[in-house]
Amino acid sequence: MKYDFREYEAKWQKRWEDEKAFEAVDFSEKPKFFSMVEFPYPSGSGMHVGHIKAYSGLEVVSRKRRMQGYNVLFPIGFDAFGLPTENTAIKTNTHPRKVTERNIEKFTQQLKRVGFSFDWSRVVDTTEEDYYKWTQWIFRKMLDNGLVFRDKALVNYCPSCKVVLSNEDSQGGKCDICHSDIVQKSKDVWYLRITEYADKLLQGLEGVDYLPNIKMQQENWIGKSTGAFVKFALKDTGETLTVYTTRPDTLFGVTFMVMAPEHPIIDKYSEKIGNMDAIEAYRAECAKKTEFERTQLVKDKTGVCIEGFKAVNPVNGKEIPVYISDYVMMGYGTGAIMAVPAHDQRDYDFAKKFGIDIIEVIKGGDIAVEAYAGDGEMVNSDFLNGYTNKKDSIARMIEELEKSGLGEGGVQYKMKDWAFNRQRYWGEPIPIVHCEKCGIVGVPYEELPLRLPPMENFEPGQGGESPLAKLEDFVNCTCPKCGGKAKRETDTMPQWAGSSWYFLRYIDPHNSERFADSEKLKYWLPVDWYNGGMEHVTRHMIYSRFWHHFLYDLGEVPTAEPYAKRTAQGLILGPDGEKMSKSKGNVVDPNDVVDAYGADVLRVYVLFMGDYESATPWNDSSMKGCKRFLDRVAGLCDMAKGSGATPELETKFHKTIKKVSQDIESMKFNTGIAAMMALINDIYDHGSLTVDELKCFISLLCPYAPHLCEEIWESLGEKELLSLSKWPEYDEAKTVDATIEIAVQISGKLKGTVVIAADADKDTAIAAAKADAKIASLLEGKNIIKEIYVPGKIVNIVAK
RNA sequence: GCAGGCGUGGCGGAAUUGGCAGACGCGCCAGAUUUAGGAUCUGGUGUCCCCGACGUGAAGGUUCAAGUCCUUUCGCCUGUACCA
């Protein structure tokens, strides 16, 4: 047979679809396997080969599991709300709904051409009303449960485009679109209180099977720290300034305090402050910097000393100055710090610049040169003097603080609450109304979905408001509570919302009563294996784990954790070794590859090109090697006759089945394919194989190159689909060779090899090695000091 | 700065608990076939001073034995929120 993919790829794709070969069955008796890939954002430029690699991993796993008798749910959908679609809509004067439909169609066509075994009956689209109804429903539940609140926040604002920008779109303080200067603007923001779940999210990591680096990234993102809250009296105000510190035991080394420039206490006492002008000027400077810029570590600290009040160190009564500086953020801790310049480099730099005292309280460094952050004996610290273990000194200080009521132990998280509103059209409307009398009122559940109203012009409203603010019919409404006049919230949800629960909708995508049926949830949850990009392992995964934990607490889902296992694929780089991007012109379109080489070659190549978890550059000629491999597979048909096993090949077959099976489970697809290539080389060397062996070979290859394998399977007279037939099994005993070649070393240097029985004992192996003529001559006249035999590997004779 | 990761032939990459470094593929070289190109087939291909020695970013160390373990160091990539 020839590898003539144009003849049959479409044929098999149609047959899989006609026979519903890959549709999951709810409540099947078979063991369930829920494998999920990150659903794509359907962009206008279509898919690139990176998507194909991202999906091919679990595609192969899923196909193998089906052949092993699992009831597999391998779904796909579209995360279709988002800014790029809205921008395309504005630019081309097309409704985002239309743009989305067009893009989804394009993606669907591309995905189907590659022959992915998705369950196409369960496709979800986050922008459909019967999907976002439930996104809004979950949000409403959060509102009812006190997890939604409103607060002021500083946002990146482009005065020219009149839009709020993400940090990503405002790097370097310039707007990504028009390149004008960004300003920091205070704005009302809806928050989800994710910090309430910080501990649960941290503890939940203990029971899940994520790659270790993924787990660590999530732990660091949540960032739990233990320390103490300490109260400093502000003299002449009656106010206390509370700070958070991880090292309360360094309190005797505090020589000044720093507040974030935006700290509200400054405004409260502005009349007492003598240099308010200087402070306002400094604040104006800070407002120009984005958070991104403020967070760049700079040696040269800036700040202003507040004239008007001083703080009192609670442990020694010393009066110390209070500064404002932009290295302190409102968003972490309390927005103010106690500065210990001797033992914190940032405080040290600040103290040096402003000529503030530096008092050593931990011995071990040279504070004339730099801050010392290591451990050591406590000095200059009254009752803490002599402590050498920081755990003890911290505990003692907390004890003292709590006794005197000047502070208490506490924990802090790096993780911030989730800013949940965007001033955009193409997103889920936030189901809230603002009533003059009742305040914030949720839209009643029976009124969901709160539909995105039709609109012509998606340009943002005045002063960076959502486009929806321009629609009076939408904005003006009656309060669900009192029936009086009210206004709707016009902001929409961020893109993260729809993707926070989509795995639940796959389980029951057409349910109109509930987001998913409880029994089905019980059957399918958790997702057994979730694969996606490294860039989503913190934000997306933590957000969706948060939503799931919340639903679990409500009793709506049967598991606390949504994902039992998580892996991540590496990027495909352009042929130039750079990240693929339109602007660099190094993007490879999967359609072009399918046209020229066929879907099977594309599938095999993206998994063979390198380690699945690492970034690998695309290489056209390397892909041709995969084409040659499939040519040779097709060629096996002409060599196959008879049944049973070929003695010369039998062990090789069993070894290959084992290797391919294991490598799929550990996502070492490249070495699994290499094993099949090595086997086919052996078969060609041997010159023939049996029909049974051919069937075994194509069964192993089927998850990778299903079209070709189905075609060969059919040509052998089989009527049922290979994709649903049995995965080959191996006999462990037959994976071992009778004789093996082992290396022989003399004093650790390789000198030759010798063939011995696989089960030979140490004496036999060493005797065989010594019997070798070359080894014998090299050993002549030498004293043998030690003889080592590592079974199946090596003999090492240490001689002098 | 912090966190995570990576350095192996001309290239992508292989190497259980330390046990024959370079599997498999690309590329390259030679031969066969072909009017030529392409395709295909066969053989070869880490380096060198080639019956021997040297080789996994660099330098030390542990060991009978190190790509793998330890120390120091250099370079690169990714994420990032100066986190008190």
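Everything numeric in this text was worked out from a predicted model, so none of it was measured.
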At under 4.0 Å between heavy atoms, what does [X] touch on the DNA or RNA strands: base, sugar-phosphate, or nothing?
X         : answer
Glu741(A) : base
Asn796(A) : base
Met415(A) : base
Ala615(A) : sugar-phosphate
Gln745(A) : base
Asp347(A) : nothing

Are the ring centres of [X] and [Y] closer than 6.0 Å?
X         : Y         : answer
Tyr605(A) : Trp618(A) : yes
Tyr348(A) : Phe350(A) : no
Trp418(A) : Tyr191(A) : no

message = Using a 4.0 Å cut-off on heavy atoms, which residues in residues 246-255 of chain A reach RNA chain B? List them by number, or say none.
response =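 Going residue by residue through residues 246-255 of chain A, the ones with a heavy atom under 4.0 Å of RNA chain B turn out to be Thr246(A).
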Using both distances under 3.5 Å as the test, list the Watson-Crick or G-U wobble partner of [N], or none.
N      : answer
G79(B) : C2(B)
A21(B) : none
G31(B) : C41(B)
U71(B) : A59(B)
A15(B) : none
G52(B) : C48(B)
A66(B) : none

Between the SG atom in Cys305(A) and the CE atom in Met257(A), the distance rounded to the nearest 0.5 Å is 12.5 Å
Interatomic distance, OG1@Thr567(A) vs CE@Met534(A), rounded to 0.5 Å, equals 10.5 Å
| message | Atom NZ of residue position Lys579(A) - does it have more than 12 heavy atoms of other residues, nucleotides or ligands inside 6.0 Å? | response |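 No.
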Do Ser622(A) and Asn619(A) get their side chains close enough for a donor-acceptor pair, meaning under 3.5 Å?
no
[X] side chain, from C-beta outward: closest of [options]:
X         : options                : value
Ala674(A) : A81(B), A21(B), A23(B) : A23(B)
Met677(A) : C24(B), C26(B), C83(B) : C24(B)
Trp221(A) : G25(B), A84(B), A81(B) : A81(B)
Ser621(A) : C20(B), C83(B), C26(B) : C26(B)
Arg346(A) : C83(B), A21(B), C24(B) : C83(B)
Arg628(A) : C64(B), G19(B), G27(B) : G27(B)
Lys793(A) : C83(B), A84(B), G19(B) : G19(B)
Asp611(A) : C64(B), U16(B), A14(B) : A14(B)
Thr671(A) : A84(B), C64(B), A15(B) : A15(B)
Thr616(A) : G12(B), C24(B), C83(B) : G12(B)

* Mind running side-chain hydrogen bond (donor to acceptor under 3.5 Å, both in side chains) on Thr671(A) and Asp663(A) for me, showing each step along the way? => CA-CA 7 Å; Thr671(A) 52; Asp663(A) 284 356; 2.8 Å; yes
Between [N] ([atom2]) and [X] ([atom1]): distance, integer Å:
X         : N      : atom1 : atom2 : answer
Tyr605(A) : C11(B) : OH    : C1'   : 10 Å
Phe256(A) : A84(B) : CZ    : P     : 16 Å
Leu571(A) : C76(B) : CG    : P     : 20 Å
Met623(A) : C11(B) : CE    : P     : 21 Å
Phe608(A) : C26(B) : CZ    : C1'   : 9 Å
Met338(A) : C83(B) : CE    : P     : 15 Å
Lys627(A) : A39(B) : NZ    : P     : 10 Å
Asn619(A) : G27(B) : CG    : P     : 8 Å

For [N] versus [M], give the span between their [atom1] atoms, rounded off to a whole number of Å.
N      : M      : atom1 : value
A3(B)  : A81(B) : C1'   : 12 Å
C24(B) : U80(B) : P     : 41 Å
G27(B) : G19(B) : P     : 32 Å
C28(B) : U73(B) : P     : 43 Å
C50(B) : A32(B) : P     : 30 Å
A53(B) : G57(B) : C1'   : 23 Å
G55(B) : G22(B) : P     : 16 Å
G67(B) : A21(B) : P     : 8 Å

- If the glycosidic angle is within 90 degrees of 0 it's syn, otherwise anti, so just tell me which one C28(B) is.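 You should classify C28(B) as anti.
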Glycosidic torsion of G9(B) (syn if within 90° of 0, anti otherwise) classifies it as syn
Is the terminal nitrogen or CZ of Lys655(A) (NZ for Lys, CZ for Arg) located under 6.0 angstrom from the six-membered ring centre of Tyr730(A) and within 45° of that ring's axis?
no
Within 45 degrees of the ring normal and closer than 6.0 Å to the centroid, is that where the cationic atom of Lys53(A) sits relative to Tyr612(A)? yes
Using the side-chain hydrogen bond (donor to acceptor under 3.5 Å, both in side chains) rule, pick out the option among Gln569(A), His536(A), His540(A) that qualifies with Glu38(A).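 Output: one option passes, namely His536(A).
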(message) Checking ring pair (Phe, Tyr, Trp, His ring centres under 6.0 Å) between Tyr244(A) and each of Phe232(A), Tyr413(A), Phe229(A), which is the one that passes?
(response)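 For Tyr244(A), the ring pair (Phe, Tyr, Trp, His ring centres under 6.0 Å) check succeeds only for Phe229(A).
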Readout for nucleotides 43-57 of chain B: B = base within 4.0 Å of protein heavy atom, S = sugar-phosphate only, - = neither; 5' to 3' it is ----------S----
Are Asn681(A) and G25(B) close enough that a side-chain N or O sits under 4.0 Å from OP1 or OP2? yes
Can you label the angle between the Phe5(A) ring and the Tyr3(A) ring as parallel, tilted or perpendicular, going by 30° and 60°? tilted
The residue among Val243(A), Ile306(A), Val328(A) that forms side chain to side chain contact (heavy atoms under 4.5 Å, CB included) with Met259(A) is Ile306(A)
